[in-house]
Amino acid sequence: MSSPLQFYRAFKGRMTDHGIRHVLTSGMACVEYGIQQNTKDTDWIVEIADYPALASMLAGLDESGWKVRHRQLFGAPMLESYMSGGWTCHLGIHDAPDSPEHHVDLFGIPPRLAKEAWEGDYGHSLNRPALAQMKKTDRAKDWPFVNGLALQALEQNDPEGLLHLREPALLQQFAQAQPAGKLAEMTKIRPLLAHLAVSEEIELERLLSVEEAIWQAVNRERYGVYQRDWKDFYRRWKDGEPGAWPAEESFSAQLARLTAAAEIYGLPISPLGQAQDRQRVFERGIRRAFALTRATDEEIAATLPPQSVILP
Amino acid sequence: MSHEQHSPYSEIYYEILARDLGEEKAAWARLPYEERMRELEWYHANFNTPDDLSLWPAELDGGADRP
């Protein structure tokens, strides 16, 4: 029987042996950085071009003693096209007959990150600033990790931590230590950095709250697009072919079934592939943040990251 | 389990962890890597620790409370 940590290392070793470029992310990466305990899942960013090799590896493992299955409900086919469209795959894996089910989540294009953010990390954990950005979900419980990762980065002399730190006094302190040019560059990514010189700390706390609300609202709108597309597809599929998903069959058979269904019942390959789609989601998110925080125009302007940062 | 002090980060960092995540997790975070992982293995072996049960992963903005 393998523990979650043993399984994660074994799975990583298998991908390495098969030449599959991968980056550990999310909760288990936070475990590696000593900042989170309570996760057993492993989440991986896998190079899009290596998905055929990964599918082949998983099929081979499934035929030779492991049990690899799609998890219930959500997930696109493990194809380069879907994985480059922002979809994810979710697997349940037993690596021995008596093993608990290990959960593996796979990203091709992770939300909130541009490719240059992770491609230097193949074979390792996602770097702290990028992981902090990925952790800017709309769940409040993820934000302490954003802050912790940012402070770890700064204390290890990575100025990119300033893009994510959420402590007013420390923000001011670390910002003052940066060369003016570097700070100006980072201010384009995080406008709040131009507003650190406040007379009362609470003013900065207010801006940090507005900033968090913007990230959460845009993320919620983004998530909604994938959720709607998946649910619409799933309804059409189940109307056309009643039956349980995932069916109890081999990984290869499941993948073939899901791939055929996606084509027949029209799971969109890239729900946010067009610039105007992302622009629409971004604007809806800003309106949502306005409504939830009652922020002023000035507060939104002082904290709104560029669309290319929040929704690349 | 012993919490040998090993602190690659500042006291302020651990104080923030304790404030946001609790004293126990901050103490765990102070451990050297190998000891930290050993302790985690022990927890996994001895407790049915809850995991994130979201159908959608957090990074796709899911949550167990979502329809």
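From a predicted model like this one, the values you see are computed outputs, not experimental measurements. Every chain is numbered from 1, with letters handed out A, B, ... down the list of sequences.
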| remark: Heavy atoms of A:Gly34 and B:Ala29 approach each other most closely as O-CB, 3.2 Å
| Any donor-acceptor N/O pair, A:Gln152 side chain to B:Tyr9 backbone, under 3.5 Å | no
| How long is the gap from CZ on B:Arg19 to CG on A:Asn147, to the nearest 0.5 Å? | 6.5 Å
| query | Which distance, rounded to the nearest 0.5 Å, do you find between the CZ of A:Phe145 and the CG of B:Leu21? | reply | 5.0 Å
| note | Note: B:Arg36 and A:Glu32 closest approach over all heavy atoms is NH2-O, 3.1 Å
| request: Decide side chain to side chain contact (heavy atoms under 4.5 Å, CB included) for A:Arg9 and B:Met37; before the verdict, give the C-alpha distance in whole Å, the side-chain angles of both, and the deciding distance to 0.1 Å. | output: CA-CA 12 Å; A:Arg9 289 170 181 145; B:Met37 292 308 200; 3.7 Å; yes
| Rounded distance [0.5 Å steps], CG in A:Leu154 versus OH in B:Tyr13 | 12.0 Å
| query | Under a 4.5 Å heavy-atom cut-off, does chain B meet the side chain of A:Gln6, its backbone, both or neither? | reply | both
| Distance (rounded to the nearest 0.5 Å) between A:Leu151 CG and B:Ile12 CD1 | 8.0 Å
| Atom CG of B:Leu17 and atom CD1 of A:Ile35: how far apart are they, to the nearest 0.5 Å? | 5.5 Å
| message | With a strict 4.5 Å heavy-atom criterion, list every residue of residues 164-177 of chain A that contacts chain B, or say none. | response | A:Glu167, A:Leu170
